[in-house]
Protein chains: 2
Amino acid sequence: MAKAVRKRGDSAGDARGSLLASAAKLFASRGYATTTVREIVERAGVTKPVLYYYFRSKEGIYLELMGEPFRKFESLLRETASEEGTAKERLVQMCLRVYETFLEHLDLARVMYAIYYGPPQGAPHIDFEAYHRSLQEAVRGVLEEGMRLREFRRADPADMMWAVMGTVTVAMELELCNPSRSVGKGGIERMLDLLFEGIAFREGIPKGKGTKG
Amino acid sequence: MAKAVRKRGDSAGDARGSLLASAAKLFASRGYATTTVREIVERAGVTKPVLYYYFRSKEGIYLELMGEPFRKFESLLRETASEEGTAKERLVQMCLRVYETFLEHLDLARVMYAIYYGPPQGAPHIDFEAYHRSLQEAVRGVLEEGMRLREFRRADPADMMWAVMGTVTVAMELELCNPSRSVGKGGIERMLDLLFEGIAFREGIPKGKGTKG
DNA sequence: GTCTATATTGAGATAGAC
DNA sequence: GTCTATCTCAATATAGAC
């Protein structure tokens, strides 16, 4: 155990990255509250002052950790909203990218779930709700556009939005708790297809999708 | 605060019930690990030995607490599986009853979510996964029957199952974290309707459901 | 500076009177 | 069945030797 041994090959900025990775893993597996600074630095192979140099505090490294995926998430929504393609195509893209971002940050997703659904654990407050809501708004926006373009049939946009969210939610939570049974991106596409066959407008069928059943 | 005052009107078996209610609220709001026996008994207006008399331990009251909704959940699945009605009707019933059971035990659902998605918190192990899976199997069973009866169109039953689960999941999680925006039972029915319009078989339409779009 | 031994605390759990 | 008073134990904090 002792001093934990950073090899000479490690580049300079690596300590920072090691600390982030270490904190992510520990927050994910043991929770924010129960993870100690000592554990984080030990696992990263550095000493306490290094953590405080880069991040000021345990809260600091937590906020830094959560910051990145959320920034990525926001830019993802902006991009997808202003893209080419049918409403359906954009919606599928949006769902798949959200899911991809989720996969790229599984550990952080775990931390987020634990704090969102569990007791606060003394972690500094992050407005997860706001991010979740901006995803909802983005999805709903595309759905409403699809309705205007008569690509989708008319229904309560909120209901449609939640049905779409349901497919992504299920895929994500399966990945979190039961990765071996994960449906993956393919699964999301197939679920959305099932849903679209009900959402798709059925009178003047716009593109080329007949009743293929 | 002091002694916490049990009024004379309280009937005999009430201490037990108060303890259960108290533990449910506290486990839900503060988590299993951080909730102390002292807090539980104080809130219930009794003393420690009363808790140990009825439940043997902190783990005991936790298991007792979780036991009831899960027993109810299992009988619910059995009942619904062996009922009258079309596959769609039974599926909707099943979803609505799961959701109702969830609503009746919101606090416990919160505890369950915290432990399922978060760190174990030292709580005794409960195989939530098994219950979740039996729900999945029940839903899938009805779906497959619906396919055999040509009430639903053919598709991967697992995909359909997850799509259905998604609607319930979304409704439940909304209720947990954002009850003011809850979609409620009506929302589940509407989401399922959206989904069915895609799942419903479209060639020899069995019952009386034409393309009403 | 670091390590080990010793307090202190606060948790879960119990004994025995009533 | 419920109380007061107490026990056990583990985690943390601290003191003092090295």
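Order of the sequence lines fixes the chain letters, A, B, ..., with proteins taken first and strands second; residue numbering starts at 1 for each chain.
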Using only side-chain N and O atoms of B/Y53, determine if any of them is under 4.0 Å from OP1 or OP2 of D/dC3. no

Looking for any heavy atom pair under 4.0 Å, which part of the strands does B/T34 touch: base, sugar-phosphate only, or nothing? nothing

Rounded to the Å, how far apart are [X] [atom1] and [N] [atom2]?
X: A/E39; N: D/dT12; atom1: CD; atom2: C1'; result: 14 Å
X: A/R30; N: D/dA11; atom1: CZ; atom2: P; result: 11 Å
X: B/R38; N: C/dT9; atom1: CZ; atom2: C1'; result: 13 Å
X: B/E42; N: D/dT4; atom1: CD; atom2: P; result: 12 Å

Carboxylate-amine/guanidinium contact B/E189 B/K185, below 4.0 Å: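 Salt bridge flag = no for B/K185 with B/E189.
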
The criterion is side chain to side chain contact (heavy atoms under 4.5 Å, CB included); which residues satisfy it with B/L76, sequence neighbours excluded? B/T80, B/R97, B/V98, B/T101

Taking side chain to side chain contact (heavy atoms under 4.5 Å, CB included) as the definition, give me every residue that meets it alongside A/A158, ordered by chain and number, with sequence neighbours left out.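 Side chain to side chain contact (heavy atoms under 4.5 Å, CB included) check on A/A158 returns A/R140, A/D156.
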
Reading nucleotides 13-18 of chain C from 5' to 3' and marking B where a protein heavy atom lies under 4.0 Å of the base, S where only the sugar-phosphate is that close, and - otherwise, the string is BBB---

Which residue in the set B/E83, B/E145, B/E151 passes salt bridge (charged side-chain N to carboxylate O under 4.0 Å, His left out) when paired with B/R90? B/E145

Per atom distances to the B/A15 side chain, the nearest of D/dT2, D/dC3, C/dA11 is D/dT2

Please identify which of these residues, B/Q121, B/R110, B/M66, meets the side-chain contact (heavy atoms from CB on, under 4.5 Å) condition with B/I115. B/Q121

Within the supplied structure, the quantity of interest is the number of heavy atoms (other residues, nucleotides, ligands) at a distance under 6.0 Å from A/R181 CZ; does it exceed 12?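 Counting other residues, nucleotides and ligands, CZ of A/R181 exceeds 12 neighbours.
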
